[in-house]
Amino acid sequence: DQFLEIKYEDFCEDPVRETRKMTDFGGLEWTPGFEQTIRQGEFKNQNAKWRKELSSEQQALLETVMAEHIKRYGYEGRDYSNLEIKRYTR
């Protein structure tokens, strides 16, 4: 299986570069019109938004559940080993 991994923050930083990677990977032709369309878009990195909108406990729960993926993709997680997380039931 072939796949191309593009990080969201890399795309927001340079959407033309990352989109060019995608088109090259997919064997698509890159045209000036295509590049112009990409440059007209607004891509704002919202990675920190969840830290502002979630409580400390919610952040801890999310990072605990996502720990394997956080490490796998090279992101830094915080240490919540001393934090008691409530169990939620439906």
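Throughout, numbering of the chain's residues begins at 1 and tracks the sequence.
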List the steps, then state whether side-chain contact (heavy atoms from CB on, under 4.5 Å) holds for F11 with M22. CA-CA 11 Å; F11 179 80; M22 291 181 234; 3.8 Å; yes
Single-linkage hydrophobic cluster L4~Y8, side-chain heavy atoms < 4.5 angstrom: no
State plainly whether one hydrophobic cluster holds both L54 and I70, where clusters connect Ile, Leu, Val, Met, Phe, Trp and Tyr through side-chain heavy atoms under 4.5 angstrom apart. yes
Who are the side chain to side chain contact (heavy atoms under 4.5 Å, CB included) partners of F3, not counting sequence neighbours? E5
Do E13 side-chain atoms and D10 backbone N/O form a donor-acceptor pair below 3.5 Å? no
Treating Ile, Leu, Val, Met, Phe, Trp and Tyr as nodes and any side-chain heavy-atom pair under 4.5 angstrom as an edge, say whether V16 and I6 lie in one connected cluster. no
Extract all donor-acceptor atom pairs below 3.5 Å that involve side chains of residues 27-34 and protein atoms in other chains or at least two apart in sequence.
| from | atom 1 | to | atom 2 | distance (Å) |
| --- | --- | --- | --- | --- |
| W30 | NE1 | E35 | OE1 | 3.1 |
| T31 | OG1 | F34 | N | 3.1 |

For the residue pair Q40 and T37, confirm or rule out a side-chain donor-acceptor distance under 3.5 Å. no
Compile the donor-acceptor pairs under 3.5 Å between side chains in residues 41-49 and protein atoms, sequence neighbours left out, one pair per line.
| from | atom 1 | to | atom 2 | distance (Å) |
| --- | --- | --- | --- | --- |
| N45 | OD1 | N47 | N | 2.7 |
| N47 | ND2 | E9 | OE1 | 3.1 |

Taking all heavy atoms of Q59 and all of R51, pick out the closest pair and write down the distance. NE2-O, 2.9 Å
Are more than 12 heavy atoms from other residues, nucleotides or ligands located less than 6.0 Å from atom NZ of K7? yes
Using 0.5 Å steps for rounding, measure from the CZ atom of R20 to the CZ atom of R17. 12.5 Å
Close side-chain approach of P15 and E18, heavy atoms under 4.5 Å: no
